[in-house]
Amino acid sequence: MAVQGFGNVGSIGAELMHEQGARILAATDWKGGVYNPKGLDMPKLLAWAREHKSVAGFPGSEPLTNEQLFALDVDILVPAALENQITKDNAGAIKAKMVIEGANGPTTPEAHDALHARGVFVVPDILANAGGVTTSYFEWVQDRHGYFWSEREVNERLEAKMCQAFDAVLATAKQYDVDMRTAAYIVAINRVATVTRMRGMYA
């Protein structure tokens, strides 16, 4: 994996993926980037980033730019920084088999089309980074009921909800032979339409 952006989304995402067995080769943030072809020591990198407010200068790594990060030969690329980072100008250099959008709108429409045409599997932002707003919904539910869950229960419910959402979008993508972003919009519009028919416009 390679991760652009090492804030809450990028760093925690990298940490969780590392715990699942992923090898993080590179990470960048506002101040610079680091790369190790054998894999970065994630616990030490996380501690370094907390202390220095950046991954830049992490011992045992080589410096790296965002453009170099995008061109790395990795399985998964996670743009988790700013919008419009993957464009028609650099999409062709991306070698990753999968792009998971941790940021909002990190890929321009032209770049998305180029990646999809090459068979790169893009998990769109509307799906990939929906965990935060889903957890906010969980908070609302708990407040409404006056009954609060443990952190473990929140994480279990979140995983179940996110897996359910991913499965629904993937099934829709296969059904209509479209990319995951289009499929996510189809699922969303269908749900809004269904609720509108059931409840009416002003219910």
Side-chain angles (χ1 to χ4, degrees), residues 1-42 45-46 49 54-56 58 61-132 162 165-166 169-170 172-174 176-186:
M1 282 182 60
V3 181
Q4 184 210 23
F6 215 69
N8 286 335
V9 174
S11 64
I12 295 173
E15 182 179 17
L16 293 173
M17 291 295 287
H18 170 74
E19 291 173 359
Q20 294 294 318
R23 190 155 49 99
I24 318 300
L25 303 187
T28 59
D29 59 25
W30 65 278
K31 198 173 182 180
V34 290
Y35 169 68
N36 187 324
K38 295 181 179 179
L40 297 164
D41 186 320
M42 284 307 300
L45 178 59
L46 290 164
S54 172
V55 298
F58 178 61
S61 68
E62 305 169 17
L64 186 81
T65 66
N66 280 319
E67 289 304 311
Q68 290 172 322
L69 177 135
F70 286 149
L72 289 176
D73 188 7
V74 293
D75 296 307
I76 302 172
L77 172 63
V78 180
L82 303 172
E83 63 182 11
N84 298 328
Q85 295 298 293
I86 300 176
T87 68
K88 61 182 177 61
D89 296 324
N90 62 14
I94 292 175
K95 300 181 180 69
K97 302 175 183 68
M98 181 183 298
V99 174
I100 304 176
E101 296 183 340
N104 292 324
T107 309
T108 66
E110 297 83 3
H112 172 84
D113 290 343
L115 292 173
H116 181 64
R118 286 173 40 214
V120 178
F121 186 78
V122 179
V123 182
D125 52 0
I126 192 174
L127 177 61
N129 69 20
M162 293 300 294
F166 181 88
V169 173
L170 182 60
T172 302
K174 291 179 178 179
Y176 294 103
D177 191 24
V178 294
D179 60 82
M180 290 285 283
R181 194 185 310 278
T182 302
Y185 294 151
I186 292 172

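Just so we're clear, the structure is a prediction, and the values are computed from it rather than from any experiment.
In this structure, the separation between CG on Leu170 and CZ on Phe121 is 5.5 Å, given to the nearest 0.5 Å. With rounding to the nearest 0.5 Å, the separation of NE2 in His18 from CG in Asp41 is 7.0 Å. Considering CG of Leu77 and CG of Leu69, their distance stands at 6.0 Å, rounded to 0.5 Å. Between Leu127 atom CG and Met162 atom CE the span is 5.5 Å, to the nearest 0.5 Å. Distance check: His112 NE2 to Thr182 OG1 gives 5.5 Å after rounding to the nearest 0.5 Å.
Under the 3.5 Å distance criterion, the side-chain polar atoms of Lys97 are left unmatched by any main-chain donor or acceptor of Asp75. Checking side-chain atoms of Arg118 against main-chain N and O of Ile94 turns up a donor-acceptor pair under 3.5 Å. The backbone N or O of Glu101 lies less than 3.5 Å from no partner atom in the side chain of Asp125, so there is not a single donor-acceptor pair. The backbone N or O of Glu83 sits less than 3.5 Å from a side-chain atom of Gln85, completing a donor-acceptor pair. Formation of a donor-acceptor pair under 3.5 Å by the Asp113 side chain with backbone atoms of Glu110 is not found in this model. Judged purely by atom type and a 3.5 angstrom limit, Asp29 uses its side chain to pair as donor or acceptor with the backbone of Gly32.
Taking every heavy atom of both residues into account, Ala184 and Val169 meet most closely at N-CG1, 3.8 Å. Closest of all the heavy-atom pairs between Tyr35 and Leu40 is C-CD2, 4.2 Å. Between Leu25 and Pro37, the closest heavy-atom pair is CD2-O, 3.5 Å. Closest non-hydrogen pair, Leu115 versus Ala91, comes out as CD2-O, 3.9 Å. The heavy-atom pair separating Lys95 from Ala71 by the smallest distance is NZ-O, 2.8 Å.
Asn84 CG: more than 12 foreign heavy atoms inside a 6.0 Å radius. Counting heavy-atom neighbours within 6.0 Å of Gln20 CD, excluding the residue itself, gives a total of 12 or less.
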